[in-house]
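Beneath this line is the structure, given in structure tokens, with notes to follow.
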Amino acid sequence: MSQNIKFIQGNEVCAEAAIYAGLDFYAGYPITPSSEIAEHLAYRLPQIGGKFIQMEDEIASLCAIIGASLTGHKVMTATSGPGFSLMQEALGYAIMAEIPCVIVDVQRGGPSTGIPTHGSQGDVNQARWGTHGDHSIVALTASNHQDLFEMTVYAFNLAETYRTPVILLLDELVGHMRERLIMPEKGEIPLVERLRTSVREGVDYHPYLPREDGRLPMSDFGGVHRYNVTGLYHDMWGFPSSEPRTVHGLIRHLVDKLENRIGEIAKFREYHLEDADVVLISYGCSARSALHVVKNRRLRGERLGLLELQTLWPFASEIVREKCAGARSVVVVEMNMGQMLQAVKTAVDEPEKVFLANRIDGVFITPTDISNILRLIQGKGV
Amino acid sequence: MAVKDYIRERFFPHLWCPGCGHGIVLNGLLRAIEKLGLSKNEIVMVTGIGCSARIAGYVDFHTLHTIHGRALAFATGVKLSRPELKVIVPMGDGDALAIGGNHFIHAARRNIDMTAIVMNNRIYGMTGGQFSPLSGCGVIATTSPYANIDNDFDVVELSKAAGATFVARTTTYHVKEISDFIRKAILHEGFSVVEILTQCPTYFGRKNKEGEAADMLRRYKEITTPIGSDAKKENPDLIERGIFLQKENPEYCSEYNAIIQQAMKG
Amino acid sequence: MAKPKLKQHLIKRSWCKGCGICVEFCPKHVLELDALDKAIAARPEDCICCRLCELRCPDLAIEIETE
């Protein structure tokens, strides 16, 4: 069978992958550099009987998809840093109320308006801790279109599996870049569908009572089970509770359901790590340059390797520690002031051997930038 | 079905203060739904945050108690994704028109089919009695101890201008109007607004020396008049009650369905 | 239609918060608050079953049962 090969933009890959995953409700607000996702879906969704709505702002967009998720739909919104900031309260609600949804943040320079049309990876920690209160979160990323497609589908799968919002943390460079995509055939990537309760009408249904495997079967709004959904601490029926044992159990559940399953959730790619004495750790657009450096240096006989993180949060510290154990130095390559660097430092046995190769001027970090920093670390001068 | 069949009895007595008008709104809302004979499974109630928002916990529908001011945005997602559901959105005055003001006007502009109920007690009750965008000048509140200088919105005029296609106002004294207007609002296809003046004896009443709940209720009788009454001509300060607007305009979900038909043809 | 005839006032004492609205607006002065500030039907024989107490009760505590 001939392959369906496309030459398209990253944002369009994300939109098409979302449809592949079963997206049928999207709400969003225009913002550079994510708008093409909304534009593409405004065109595509009604063709398949799905719904697109342009809301009045970003928090309304996230609120709208939460509402649509509760009626049984696969939902998504997309934005960039300023809009992601505005969404944070609704993100906390989705975490607390355990609503499956996907939030795409195509990162640009910040804080504030920053540089709308230039790339950055400055929202890594905002994705982790942007909304208030103790919680865990899933944030995924990708460095190329084939991975972007897979990670977008994976985002929907995780959202449904764990009844949680999933953040897809892209960046301007990947979002706006055009490259080859081999469109996966239908069925090629497995899809996780909504787990619905088998509790019959008239029998007590507990929307917030996890099964032994941690999953919580849902019942669509409009169905036979009428229950309450709230952002307050709540009991297994979804009704507000301030009973300390209930509150403790809820917070533990919200954190543990993700943190205890890092092994299942964490995705990464590794290149030449087996004998690497210098390990680069990177993700998103930066990983493209990092991989280029590794390949080039390998040709010269230097033992460089790359660990490309695809799951940023929950942070796979055990995997990072293990992959870095034999390295003389570890270099985190990212386009921010060291947001993932901190997580790596806490994960490895010798934090003093971890260095940062970064760029924060809106310009894509190049292989030359990384090489220069490597030479400095190795005491060779630029 | 009787009114008690629509509530979650185990949570009563409710948390509202003695004499709070919100209970009267709940009472009237249930009677409207009883009269319409709707199935509980086809009703979704979406609320925000505040005293008003707690109404969601007491009714045996699909209930979505959300975040401050954003109830209409959540409700928009519910409605557009499942247009066959009846969506009712009770909100407080601060919830609907301060933090939620933008969502309010945009939901009205789209004319999406849902029933917005503004439970207007002119104060933030849950947080202890601060003035709201519906308090109006001269009101004493904990954040306007010398008298409020913020002008208030006229919910009826605002709703009409924003594009709502059903707009009504009444008070908790006029209980038969509450259930009548809410019933008509639910039947109306489009964005409906029912403003209900509701007493907060605990904060608004005490701060503004309006007496107890019954005194505040009697005052609603005295300061309001039916739309177009002779009394209004004699005393322009009277607040009019009634259905101000009821018109047919294209409804959002129906219009979107037409888009789907068009897109599917290719 | 025949006028409804009162069977009884069903008042949920645990729901009543004693706000006095039902007492204040009963057109026939049927209701009173007792020593514990709970609504009671003191003169049920005067009740005309207008249900205004039932409709105005913020606590949903009153139901007029007719024969």
Side-chain angles (χ1 to χ4, degrees), chain A residues 24-27 42-75 77 88-94 96-97 99 101 201 219-232 234 237-240, chain B residues 8 10-11 15 40-47 49 53-54 56-87 100 102-107 109-110 112 252-253 256-266:
Chain A
D24 59 358
F25 191 98
Y26 178 96
Y43 180 74
R44 287 281 283 122
L45 277 175
Q47 292 179 338
I48 56 165
K51 310 268 171 80
F52 167 92
I53 183 168
Q54 183 168 311
M55 294 298 288
E56 52 272 19
D57 58 31
E58 288 89 350
I59 188 168
S61 303
L62 182 45
C63 295
I65 66 165
I66 291 170
S69 182
L70 279 166
T71 66
H73 295 80
K74 287 194 177 179
V75 301
T77 184
Q88 292 301 326
E89 191 187 1
L91 177 60
Y93 184 88
M96 179 67 108
I99 311 291
C101 56
E201 183 170 12
S219 177
D220 297 346
F221 267 29
V224 296
H225 298 293
R226 298 177 302 276
Y227 58 96
N228 191 54
V229 178
T230 180
L232 288 165
H234 49 270
W237 291 276
F239 290 108
Chain B
R8 290 163 171 156
R10 63 190 181 283
F11 298 122
L15 58 55
K40 293 193 282 187
N41 287 345
E42 63 179 318
I43 304 172
V44 179
M45 179 178 282
V46 188
T47 62
I49 290 294
R54 291 309 189 95
Y58 299 120
V59 293
D60 190 20
F61 311 137
H62 303 283
T63 54
L64 182 53
H65 174 227
T66 69
I67 55 178
H68 198 28
R70 322 293 177 187
L72 287 168
F74 284 87
T76 297
V78 171
K79 182 67 185 180
L80 182 59
S81 63
R82 286 279 305 261
E84 68 274 22
L85 297 174
K86 299 282 183 198
V87 178
N102 200 36
H103 309 303
F104 186 88
I105 58 173
H106 287 278
R109 175 178 62 76
R110 291 186 192 103
I112 187 163
Y252 192 81
C253 301
Y256 197 86
N257 268 337
I259 293 290
I260 291 176
Q261 301 306 319
Q262 186 189 336
M264 280 180 151
K265 267 186 229 153

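The sequence lines fix the lettering, A, B, ..., with proteins before strands; numbering per chain opens at 1.
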[X] versus [Y], closest heavy-atom pair with distance:
{"X": "B:K40", "Y": "B:H62", "answer": "O-CD2, 4.2 Å"}
{"X": "B:A56", "Y": "A:N228", "answer": "O-OD1, 4.3 Å"}
{"X": "B:I67", "Y": "A:C63", "answer": "CD1-SG, 4.2 Å"}

What option among B:V46, B:I105, B:D60 has the most heavy-atom pairs under 4.5 Å with chain A?
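Sorted descending by pairs with chain A, the first entry is B:D60.
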Checking [X] against chain A: side chain, backbone, both or neither under 4.5 Å from a heavy atom?
{"X": "B:L80", "value": "both"}
{"X": "B:K79", "value": "neither"}
{"X": "B:Y256", "value": "side chain"}
{"X": "B:R8", "value": "side chain"}

Most contacts with chain B, counted as non-hydrogen pairs under 4.5 angstrom, among [options]:
{"options": "A:D24, A:I66, A:L45", "result": "A:I66"}
{"options": "A:L232, A:V75, A:L62", "result": "A:L232"}
{"options": "A:G222, A:G231, A:A60, A:S61", "result": "A:G222"}

Please report whether the ring centroid of A:F221 lies less than 6.0 Å from that of A:Y227.
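Yes, they do, as the ring centres are separated by less than 6.0 Å.
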Under 4.5 Å from a heavy atom of chain B, the part of [X] involved:
{"X": "A:D57", "value": "side chain"}
{"X": "A:A97", "value": "neither"}
{"X": "A:L70", "value": "side chain"}
{"X": "A:I48", "value": "backbone"}

B:T63 and B:H65: side chain donor to acceptor below 3.5 Å
no
To the closest 0.5 Å, what do you measure between OG1 (A:T230) and CG (B:L64)?
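A:T230 atom OG1 to B:L64 atom CG measures 9.0 Å (nearest 0.5 Å).
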Decide yes or no on side-chain contact (heavy atoms from CB on, under 4.5 Å) for A:R226 and B:M45, but give the supporting numbers first.
CA-CA 11 Å; A:R226 298 177 302 276; B:M45 179 178 282; over 6 Å; no
Where the side chain of B:T76 meets the backbone of B:L72, is there a donor-acceptor pair that is under 3.5 Å apart?
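Checking the backbone N and O of B:L72 against the side chain of B:T76, a donor-acceptor pair under 3.5 Å is found.
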